[in-house]
Amino acid sequence: EVQLVESGGGMAQAGGSLRLSCAVSGFGYNDYTIAWFRQAPGKEREGLSCIASNSGTTYYIESIKGRATISGDNAKSTVYLQIDSLKPEDTAVYYCAAKIGDFYDNRDPDTDDYDYWGQGTQVTVSS
């Protein structure tokens with residue numbers, strides 16, 4: 001059974017940083033992509049970034065480029081998303097998701113492309 005478990009959310013001050021973790025288990029493929037999404041109250045789920053397990057290729061949406069870093073530790077089967085210079089508008093539930101295979105096109109992660117999801121972790125940024 002595939003499981004993705006997010007952790008690292010919580011309260012943060014604007015201007016601070018958070019590192020979210022996504023622990024992946026039961027995924028019987030070596031070639032996959034992990035993406036981070038977020039959903040703010042009343043808004044659609046938004047794809048933020050993704051990383052390919054084999055190539056290590058990464059992608060960021062324009063609005064977080066430069067203040068977010070996605071990374072993976074294959075030995076720990078964990079993917080991280082660090083967000084710096086936090087803003088109140090970063091407040092949302094953050095989800096990680098997985099799909100089989102690499103991502104080959106540079107476009108924002110789409111919820112329709114991902115088959116496995118974590119339960120989400122709340123991030124609240126105060127001003």
Side-chain angles (χ1 to χ4, degrees):
E1 180 188 1
V2 177
Q3 282 196 316
L4 291 87
V5 180
E6 303 94 337
S7 61
M11 304 279 294
Q13 296 256 332
S17 299
L18 273 180
R19 189 175 82 155
L20 307 178
S21 299
C22 173
V24 182
S25 62
F27 203 73
Y29 301 93
N30 292 324
D31 184 16
Y32 55 90
T33 297
I34 301 293
W36 283 96
F37 293 79
R38 70 184 176 191
Q39 189 165 19
K43 294 190 175 181
E44 291 188 356
R45 196 167 295 191
E46 173 188 35
L48 302 175
S49 179
C50 56
I51 184 168
S53 64
N54 278 351
S55 66
T57 304
T58 60
Y59 177 87
Y60 301 91
I61 64 170
E62 200 60 38
S63 62
I64 65 165
K65 200 177 289 185
R67 65 182 188 96
T69 304
I70 191 170
S71 60
D73 184 336
N74 286 342
K76 295 183 179 179
S77 298
T78 300
V79 171
Y80 306 96
L81 180 70
Q82 174 149 340
I83 306 177
D84 301 319
S85 303
L86 285 164
K87 307 174 183 180
E89 49 264 44
D90 291 320
T91 295
V93 178
Y94 284 71
Y95 300 88
C96 62
K99 68 171 185 176
I100 300 167
D102 203 330
F103 65 95
Y104 297 103
D105 51 349
N106 283 330
R107 59 182 176 88
D108 296 352
D110 189 320
T111 55
D112 289 341
D113 294 337
Y114 290 81
D115 298 312
Y116 306 97
W117 291 83
Q119 81 290 348
T121 186
Q122 176 71 48
V123 170
T124 303
V125 182
S126 59
S127 56

Begin from the C-alpha positions of Y60 and T69 and carry the test side chain to side chain contact (heavy atoms under 4.5 Å, CB included) through to its verdict. CA-CA 8 Å; Y60 301 91; T69 304; 4.1 Å; yes

Output, in order, the C-alpha distance, side-chain angles, deciding distance and verdict of side chain to side chain contact (heavy atoms under 4.5 Å, CB included) for E89 and V125. CA-CA 8 Å; E89 49 264 44; V125 182; over 6 Å; no

Would you sort out whether E44 and T111 count as a side chain to side chain contact (heavy atoms under 4.5 Å, CB included), showing the intermediate values? CA-CA 10 Å; E44 291 188 356; T111 55; over 6 Å; no

Step by step, would you call L20 with R38 a side chain to side chain contact (heavy atoms under 4.5 Å, CB included)? CA-CA 12 Å; L20 307 178; R38 70 184 176 191; over 6 Å; no

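Here the OG atom belonging to S127 is positioned 8.5 Å from the CD atom belonging to Q13, to the nearest 0.5 angstrom. Between I70 atom CD1 and T57 atom OG1 the span is 11.5 Å, to the nearest 0.5 Å. Taking CZ of F27 as the start and CG of L4 as the end, the distance is 8.0 Å to the nearest 0.5 Å. Here CD of Q82 is found 12.5 Å from OG of S49. Values are rounded to the nearest 0.5 Å. Going from atom CG of N30 over to atom CD1 of I100 covers 11.5 Å, rounded to the nearest 0.5 Å. If you take SG on C50 and CG on D113, they are separated by 9.5 Å, rounding to the nearest 0.5 Å.
S17 approaches D84 most closely through the heavy-atom pair OG-OD1, 2.8 Å. Taking each heavy atom of L81 and A68 in turn, the nearest pair found is CD1-CB, 4.3 Å.
No chain of hydrophobic side-chain contacts below 4.5 Å, direct or via other Ile, Leu, Val, Met, Phe, Trp or Tyr residues, connects V5 to Y116. I51 and Y95 sit in two unconnected hydrophobic clusters of ILVMFWY residues. Membership requires side-chain heavy atoms under 4.5 Å apart, directly or through other members. Under the 4.5 Å side-chain heavy-atom criterion for ILVMFWY residues, a single connected hydrophobic cluster contains both I61 and V123. V93 and M11 sit in two unconnected hydrophobic clusters of ILVMFWY residues. Membership requires side-chain heavy atoms under 4.5 Å apart, directly or through other members.
Without hydrogens or angle criteria, Y80 side chain to D73 main chain gives no donor-acceptor distance under 3.5 Å. A donor-acceptor pair under 3.5 Å is formed between the side chain of E6 and the backbone N or O of C96. Within the 3.5 Å criterion, the main-chain N or O of A23 finds no donor-acceptor partner in the side chain of S77. Judged purely by atom type and a 3.5 angstrom limit, R67 uses its side chain to pair as donor or acceptor with the backbone of S85. Counting only distance, with no hydrogens or angles, the side chain of S53 and the backbone of Y32 share a donor-acceptor pair below 3.5 Å.
Side chains of Y114 and I34 form no contact here, defined as non-hydrogen atoms less than 4.5 Å apart. Annotation: side chain of Y94 is in contact with side chain of L48 (closest heavy-atom distance under 4.5 Å). A 4.5 Å side-chain heavy-atom check between D115 and V2 finds every atom pair outside the cut-off. Within the 4.5 Å cutoff, side-chain heavy atoms of W36 are placed close to those of V79. The closest side-chain heavy-atom distance from L18 to L86 is below 4.5 Å.
Annotation: cation-pi pair R45/F37 absent, no NZ/CZ under 6.0 Å from the ring centroid and within 45° of its normal.
There is a side-chain donor-acceptor pair under 3.5 Å between D102 and S55.
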